[in-house]
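Every number for a ligand or one of its atoms is a count from 1 in the order of the listing. Note that the coordinates shown come from a computational prediction; the quantities given were computed from them, not determined experimentally.
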Amino acid sequence: MLEPESVYSQVGGTIQIRRVQKIFYDKIYAHPWLSRFFEDIDQDLIESQQTDFISKTLGGPSVYYGALPVPAHMHIRITGELFDLRSQLLAESLREAGIPEEAAAIWLERDEAFRTRLVKGSRLECKKRYTTDEILDFPQPESWPEGRQAG
Ligand code: HEM
């Protein structure tokens, strides 16, 4: 049973979580650096996995049966900077979707709680999940941030 005051209810349930994921992944797929990690991943699929995962994380229905975050990202070189960037896009998406501030702050906190388990100090910490996996390790492109001058 759902608690009426769960964060899941405060954000507006599955419909609002799905809206946030759409806005968020549109930004990720349009971003010159973050998009590289998703080149082989179907956007609709990841949005729907994330909707289920976040619903559960925020106290909503337990409908997520996918991989847990640590095993799902073991082949991905997530740097602190990349994690910051993702958090920034998530915060913007929550604002654009009109999620109430207090609930958005809790969502961001729950997301942030994964940082230490997902950020890797070097490529050597990455491991393939399957033999067919590629290690995903992309440097920050020179075209980002816009307007940044070399030197
Ligand atoms: C910069 C940070 C991150 C990057 C670059 C990233 C990238 C990715 C990619 C590429 C996938 C698809 C993996 C595949 O199916 O082959 C994925 C899946 C997923 N990510 Fe992330 N992610 C990041 C942070 C996070 C965080 C903070 C969370 C949790 C709050 C998260 C939760 C998930 C979940 C639940 C899946 C689906 C797992 C599955 O069922 O396979 N990710 N991520």
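Listed by chain and number, F37, F38, I41, I46, Q49, Q50, F53, Y64, G66, A67, A72, H73, I76, I78, L82, F83, R86, D111, F114, L118, R129 each place a non-hydrogen atom less than 4.0 angstrom from ligand 1.
Aromatic ring pairs are classed by plane angle as parallel below 30°, tilted from 30° to 60° and perpendicular above 60°; the pair Y29 and F38 is tilted.
Judged as a salt bridge (charged side-chain N to carboxylate O under 4.0 Å, His left out), the pairs with a partner in residues 65-77 (not counting sequence neighbours) are, in order, R77-D137.
At a cut-off of 3.5 Å, with distance as the only test, a side-chain donor of Y8 or T14 sits close to an acceptor on the other residue. Under the 3.5 Å distance criterion, with hydrogens and angles disregarded, a donor-acceptor pair is assigned to the side chains of S6 and S9. For the residue pair Q21/R18, the side-chain donor-acceptor check at 3.5 Å is not satisfied.
Residue-environment remark: CD (E39) exceeds the threshold of 12 foreign heavy atoms within 6.0 Å.
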